[in-house]
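All of these numbers come straight from a predicted model, not from anything done at the bench.
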Amino acid sequence: GKGDLVGLDIEMAHLLARDLGVQLAFVPVMRDRMTEQVNAGYCDIVMSGTVVTPERAQVVTFSAPYTDATLAFVVPDHRLEDFSSRDAIRRLKAPRIGVLNVPYYVDKVHRFLPQATIVQLNSITEFFEGKGEALDAFLYSAEAGSAWSLLYPAYTVAIPQPGVLKGPVAYPLPRGDRE
């Protein structure tokens with residue numbers, strides 16, 4: 001409410017700065033330019049949990065993972081059963097799936113659901129606000145999606161069963177920076 005930055009990643013940034021004995025400065029980083037900005041020295045570390053993908057690991061160094069993100073779909077409550085199992089999802093004729101504008105996820109959804117129309121979005125808020133698109137679901141992490149469902153109670157999180165997919169979450173650092 002005061003406009004202060006808060007949350008796990010913010011607390012982690014404060015702890016890291018304290019442990020290193022340095023002054024902390026937050027700078028805005030654009031998600032679609034994150035790797036470019038950290039590698040160019042615009043910032044020393046991106047303190048926003050980022051799922052480690054093979055493509056990202058080729059262009060930045062990652063900290064040790066500190067959690068896993070569970071791949072899930074954020075859906076309207078009445079669509080929960082349609083997205084709760086892999087078989088049910090595959091039976092959908094032509095679902096419209098929102099996906100963050102991250103090539104790795106776009107490719108994964110396209111391979112898993114070739115019959116789907118994939119709509120690339122820049123944020124989950126675009127999904128909730130509609131942006132002129134009627135979407136059946138939004139691919140996101142179950143952990144973050146659950147938090148968003150508190151703000152948008154007509155939505156819930158569906159974790160397709162069986163074979164729950166998880167990805168490590170870490171902080172991006174400049175390429176080659178192991179320190």
Side-chain angles (χ1 to χ4, degrees), residues 7-10 12 29-35 38 46-131 133-173:
L8 173 70
D9 294 324
I10 300 301
M12 294 291 285
V29 174
M30 296 171 23
R31 183 169 292 282
D32 61 339
R33 294 190 53 224
M34 167 183 61
T35 57
V38 73
V46 176
M47 295 294 293
S48 178
T50 303
V51 176
V52 179
T53 66
E55 291 81 4
R56 288 175 176 157
Q58 291 178 6
V59 295
V60 295
T61 297
F62 280 98
S63 69
Y66 61 91
T67 192
D68 287 321
T70 307
L71 204 58
F73 291 98
V74 177
V75 299
D77 286 339
H78 70 278
R79 299 295 307 270
L80 178 61
E81 289 302 316
D82 294 338
F83 289 88
S84 290
S85 77
R86 289 173 172 256
D87 289 339
I89 296 168
R90 285 190 182 111
R91 285 192 300 268
L92 297 172
K93 297 272 188 260
R96 293 178 53 79
I97 309 293
V99 179
L100 284 177
N101 189 10
V102 176
Y104 179 79
Y105 295 119
V106 172
D107 181 59
K108 289 293 181 196
V109 173
H110 183 67
R111 286 183 195 198
F112 177 64
L113 294 170
Q115 79 277 23
T117 298
I118 299 167
V119 179
Q120 295 181 44
L121 302 175
N122 293 313
S123 71
I124 193 168
T125 54
E126 289 183 9
F127 169 68
F128 290 118
E129 293 171 1
K131 296 295 179 192
E133 300 279 351
L135 299 175
D136 297 299
F138 185 78
L139 182 75
Y140 211 50
S141 77
E143 296 79 9
S146 295
W148 280 98
S149 72
L150 296 174
L151 296 174
Y152 296 90
Y155 291 84
T156 191
V157 173
I159 302 171
Q161 305 288 329
V164 175
L165 299 175
K166 294 182 177 248
V169 177
Y171 297 126
L173 299 153

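Two residues are said to be in side-chain contact when any heavy atoms from C-beta on lie closer than 4.5 Å; V75 and T156 meet this criterion. At a threshold of 4.5 Å between non-hydrogen side-chain atoms, the residues F128 and L151 do not count as touching. At least one side-chain heavy atom of V51 sits less than 4.5 Å from a side-chain heavy atom of R56. Contact check for L92 versus R79: side-chain heavy atoms found under the 4.5 Å cut-off. Within the 4.5 Å cutoff, the side chain of Y105 has no heavy atoms near those of the I97 side chain. Counting heavy atoms from C-beta on, the side chains of V119 and L135 come closer than 4.5 Å.
Remark: the backbone N or O of S48 is paired with a side-chain donor or acceptor of T50 at under 3.5 angstrom. Not one N or O on the side chain of N101 forms a donor-acceptor pair closer than 3.5 Å with the backbone of N122. One N or O on the side chain of Q115 and one on the backbone of R90 form a donor-acceptor pair closer than 3.5 Å. Between the side chain of S63 and the backbone N or O of Y171, at least one donor-acceptor pair lies under 3.5 Å.
Atom CD1 of I118 is separated from atom CG of L113 by 7.5 Å, given to the nearest 0.5 angstrom. To the nearest 0.5 Å, the span separating CZ on F73 from CD1 on I89 amounts to 4.5 Å. Here the CG-OH distance, from L121 to Y140, works out to 11.0 Å after rounding to the nearest 0.5 Å. Expressed to the nearest 0.5 Å, how far CG of L100 lies from CD of E126 amounts to 9.0 Å. The distance from atom CG of L165 to atom NZ of K108, rounded to the nearest 0.5 Å, is 8.5 Å.
Of all heavy-atom pairs spanning A170 and P65, the tightest one is CB-CA, 4.0 Å. A pairwise comparison of heavy atoms in I159 and T70 identifies CG2-CG2, 4.0 Å as the closest pair. Taking both residues in full, the closest heavy atoms of P172 and V38 are given as O-CG2, 4.1 Å, listed atom of the first, atom of the second, then distance. Residues V74 and G145 come closest through the heavy atom pair CG2-CA, 3.9 Å. Closest of all the heavy-atom pairs between V59 and T35 is CG2-CG2, 3.8 Å. When every heavy atom of P160 is checked against every heavy atom of V164, the shortest pair comes out as O-CG2, 4.0 Å.
Under 4.0 Å is where a charged nitrogen must lie from a carboxylate oxygen, and between D107 and R111 at least one such pair does.
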Using the side chain to side chain contact (heavy atoms under 4.5 Å, CB included) rule, take W148 and V157 through it: C-alpha gap first, then chi angles, then the decisive distance, then the call. CA-CA 9 Å; W148 280 98; V157 173; over 6 Å; no
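Ring pair F138/Y155: centre-to-centre distance not below 6.0 Å.
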